[in-house]
Each structure stands twice: as C-alpha cells, then as structure tokens.
Amino acid sequence: MRYSWTMVEVPVKTPTKNHSPWLFVVLFVVLQILGIVLCLITWPEGKAPDILFWIRLLMPTMAWIMVSCILLGRIEMHQMMEKNWRCLRQQYAIYRQNWAQLHWVVSAVAVVTPEADVAERLLGLEGARPENPGKNLSLPLDGDGNGDRCATLLMQLLSPLAEAIRAAGNISPPRVYLLGNAIDDEAALALIWKELDLPRYQDLLKSPPDPFLFDGTHQNPSKPCNVILSYQLQERADDASNCSELGAGLVFITDEVANMLKMKVRTVIMRPIESETEMLGESLRTLSQGRQTDWTALRHTWISRLGKPARNAARAAVHELAPNAALHDVDHALGKAGESNGWLQQALAVQMVKHGQGDQLVISSRDADNVTCNLLTAKPLPPLAQAGYVVPLSNYLCLAFFVPISVWFVNDALQDEATIASPLIMLGLSLGTMVFLMLVGILFTHLTARDFWRKVDGLD
C-alpha cells in the first residue's frame, strides 16, 4: 500500500439490526405446540408415560435453544464483522497518522536578513513592522567581492548553529545542503567549517532536498543529521531582477538523535503537503485532517512567493480552519523574494515556536502553479489508540454444547439403548463444534480484512 495525502476514505458499514424478541417468543410457542402434538400422536396408545415421554416433551425446548443460537450467532457474526471493519478503519487511521506525523526535529536555526528581528516585529512582539514591498534590499556584509560577502554571510549563519552541529555531529556525521548563487561558496564553506572546528560532514549537496528531506530514496537516503544553509546574494546592485539578500540556516535531526542528546523540548517540522494553487483550500483541509497537531493551537501563518490568487486562497482557508491565526507576508516585510525565502519562512516559524508563540503554518510557492504547506509545532498530537479484533464466541459456544446434548436426547428418545451417550463422544462433539465455529469466525475476520484493504487500494 502506498501512502499519500489523497488516500481512499473507507466508508463505515451499516450496523446490523438485532432480531425482535417477539420472534423468539413466537418460535418457542410454535415449537412447543408442534412438539406436544407430535409426542401425543406418536406415543403408543395405552402405554403409560415414562422417562422417554418426558424426554420427547423436552425436545422442542432443545430445538428452540439450538435455532435461537443459530439466529443469534448469525447476528453476532455480522456484528463481529462490523466491529472488525471499524477496527480496521481505526488501524488505517493510525497508519495514516503515523505517516502524516513523520517529522524532523529542528535543533537550531539562524537567520540573516536586511531587517533585524523580522519574526518578532512581524508578530508585534517588539518594534515596528518592517514594510518593504517590491524592494531589493541588501545585507550589510563586509568584503568587496561577491565571494568575500558570501564567506561573511556563511560565517554569520554557521556561528549560531555551531553548538548544535557539534552535538549532533558527534553522534552521526552531518550532511550539508548548500543552496546559494555564489560561485566559490563551497570553498568558503570548507574554510569556515574548519575555522569553527565543526565535525567533518559526510557529504555536501548543492541541490535542495525535495521536499524537506521527507522522501529519501535508496540512492539518496536521508541522514540522521542534516544542515541546510540557504542564501541569496545580489550579483549586481543595478540588476532589476535581483531579489533581496538574506540567509537561513537550519539543523535537522531525527528523534533518535534528539533522544541521545536528551532534548526535552523539541520543535518539529511536520510532513508537508503539496498542492496546486487552485486546490490550496482543499489541501489545507486535508492537512488539518492528518492529525499532525491541534489546529486550535495554530497562531501564525507565514506566506511567501505567492501570487494574488494563491494569497487570497490561503487567507480564506486559514480563516476557515484557524480563525485565530494571523497571516504574515514575508515578501511585504523583506522585499522581492527569491529561492531562499522558503527556508527563511521555516526558520522564522521555528524561532516563534521556540518563543512560545504556538503552532505555525508555512505556505510557500514551489513554482508558478504549485505550493507547499507544512506545520511546525512543539506538541504533535498523540497517536490514536489501537483496537483489537473480535471473534464471536458467546452464542456459538452455547450451540457447541447444545448440539451433542440434543443428539443424546434424540438418540435416547428414538432408541431403547443410548449408544451415543458416551461422555467421550459428547466431549468430542462439543470440542469439534467449537473448533469448527472458531475457524469460521477467523475465516470471516480474514475475509473482512481482505475486503477492507482491497477498498483502500482502490481494487473494489
């Protein structure tokens, strides 16, 4: 089974109704009348009633008990299948939640922007809100050439991350993603890495993880520790196509590494959902159903590189799903957006989670027609409780005992010698009937599971 955000929603089975009690009353009366009449008709004329006469009178009662067990057992079998169907739906929901709750722990972030304290100012925690729509802002970096400025920017990004990289790097060598537009950034990174005395990284990649390290392949599996350094620098100050200069750094580690580091408070970035711009509202509703976090705790939404239709759709969808969540436009605060704005959004949201500002939603554009949405939180929802399967026993166990007893009564009533009344034969009949009925229950449980997963896979 392949998991995705658009998995099949399996319907609930219609509950089976119980038989009316009057059915058993009428059945009892009819069988008693038929039994008494047949007993009187077939009893030899002139023969005094003996033990066989009274046994024959009890046979309708035994027949009524067996028929009632069969009717009730049939209902119980259907109810068992419905309970198992509900159990499978719950198990399916647990699988989907576990898939949706796949996350990375963000142990440290660093942000370098032309405006200081961007996240705090956008949230109104301090200072005035920055407003630079459409501008190309530059960073005050030392150095004449683009290479020197890149080295200065990488030093400003790595210095706050150094402690987290050392701690995680001592457990597992990090993988570094260097995402930028400078020519000699790899050489600059190697010098700065050595200057800060950081653990040797395992490999260096220039292509961005897609999406957010959640879909590793056998050829390129995810690593326990990942360092993302994303930046954008202007090539020429007079280039009208330039975007504002900025940089963002994040250290992603797995839960296992966080456990080894004994991290008690963790900020996590959850599995993202990708959507077409026209389907943004529906995708956010799907994301809210993934039980990643409590959407009533969502306080802030960060958007960047969104066109006007996507921005309006995001505002409407967030207002519907989380009315108390404020919307923050990074482009309006820092000017023209570039490729690194997506990682800057993540870093700003992580900062605010660490500042106790509740859960954060990030919506960013991947290209002209698609957007990516993900949640950041310090309190993911707990997993759903697992329910157990049900195998019917009650009425069928009664039937298992009454079958040999009824056979014995019939045999005694029809013969002078009770050749089948041996206790061993009765025990064998009881155990054989019980095992047969339990196998029937297990078979129906298997068939229910088969039908359920066929629906999940879209085969039915």
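Along the sequence shown, residues are numbered consecutively beginning with 1.
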If we only count heavy atoms from C-beta on, is the [X] to [Y] side-chain gap below 4.5 Å?
X      : Y      : value
Ile228 : Leu179 : yes
Pro380 : Val268 : yes
Lys336 : Asp331 : no
Leu229 : Tyr177 : no
Leu361 : Leu376 : no
Asp255 : His103 : yes
Leu334 : Leu344 : yes
Val105 : Met263 : yes

Work out which heavy atom in [X] is nearest to a heavy atom in [Y]; give both atom names and the distance.
X      : Y      : result
Ala310 : Leu280 : O-CD2, 3.5 Å
Pro160 : Gln156 : CD-O, 3.0 Å
Ala347 : Val111 : CB-CG2, 3.6 Å
Leu157 : Gly249 : CD2-N, 3.9 Å
Ala314 : Ile363 : CB-CD1, 3.9 Å
Gly169 : Pro174 : CA-CD, 4.2 Å

Main chain of [Y], side chain of [X]: is a donor-acceptor contact present, judged purely on distance under 3.5 Å?
X      : Y      : answer
Glu276 : Asn370 : no
Gln289 : Leu284 : no
Thr152 : Asp148 : yes
His319 : Ala317 : no
Arg299 : Thr296 : yes

Is there a donor-acceptor contact under 3.5 Å linking the side chains of [X] and [Y]?
X      : Y      : result
Asn374 : Gln346 : yes
Tyr231 : Asn181 : no
His300 : Asp359 : no

CA sep, side-chain torsions, deciding dist, call: Tyr201, Leu204, side chain to side chain contact (heavy atoms under 4.5 Å, CB included): CA-CA 7 Å; Tyr201 49 79; Leu204 175 65; 4.0 Å; yes
With rounding to the nearest 0.5 angstrom, report the [atom1] to [atom2] distance, [X] to [Y].
X      : Y      : atom1 : atom2 : result
Leu233 : Leu141 : CG    : CG    : 6.5 Å
Gln234 : Cys243 : CD    : SG    : 7.0 Å
Leu139 : Leu246 : CG    : CG    : 7.0 Å
Glu274 : Thr372 : CD    : OG1   : 4.5 Å
Ile192 : Leu154 : CD1   : CG    : 5.0 Å
Leu205 : Asn226 : CG    : CG    : 9.0 Å

Greater than 12 external heavy atoms within 6.0 Å of Lys354's NZ: yes
Glu163 atom CD, over 12 foreign heavy atoms within 6.0 Å: no
Residues that Trp295 engages under ring pair (Phe, Tyr, Trp, His ring centres under 6.0 Å), provided they are two or more places apart: none
Just jot down the salt bridge (Lys or Arg N to Asp or Glu O under 4.0 Å) partners of [X], sequence neighbours excluded, or say none.
X      : value
Arg311 : Asp329
Glu282 : Arg285
Glu339 : Arg305

With Asn341, the side-chain hydrogen bond (donor to acceptor under 3.5 Å, both in side chains) member among Ser365, Ser304, Ser244: Ser304
Side-chain donor-acceptor pairs of residues 122-135 under 3.5 Å, sequence neighbours excluded:
from   : atom 1 : to     : atom 2 : distance (Å)
Arg129 : NH1    : Leu122 : O      : 2.5
Asn132 : ND2    : Glu115 : OE2    : 3.1
Asn132 : ND2    : Ala333 : O      : 2.7

Check side chain to side chain donor-acceptor pair (under 3.5 Å) between [X] and all other residues, then give those that pass, not counting sequence neighbours.
X      : value
Ser159 : none
Asn259 : Arg266
Ser340 : Ser230
Gln345 : none

Criterion side chain to side chain contact (heavy atoms under 4.5 Å, CB included) on Phe252 and Val106, from CA distance to verdict: CA-CA 5 Å; Phe252 287 176; Val106 187; 3.5 Å; yes
Test side chain to side chain contact (heavy atoms under 4.5 Å, CB included) applied to Val112 and Leu153, step by step: CA-CA 8 Å; Val112 179; Leu153 176 56; 3.7 Å; yes
Pair Val176-Leu189, side chain to side chain contact (heavy atoms under 4.5 Å, CB included): steps then yes or no: CA-CA 10 Å; Val176 178; Leu189 175 65; 3.9 Å; yes
Counterpart residues, side-chain contact (heavy atoms from CB on, under 4.5 Å), relative to [X] (two or more places apart):
X      : answer
Ser283 : Ile273, Ser275, Met279
Val30  : Val26, Leu34
Ala119 : Trp302, Leu348, Gln351, Met352

Check against salt bridge (charged side-chain N to carboxylate O under 4.0 Å, His left out), Asp203 and Lys223: CA-CA 10 Å; Asp203 49 9; Lys223 301 298 180 182; 5.4 Å; no
Leu375: which of Gln292, Arg271, Gln360 passes side chain to side chain contact (heavy atoms under 4.5 Å, CB included): Gln292
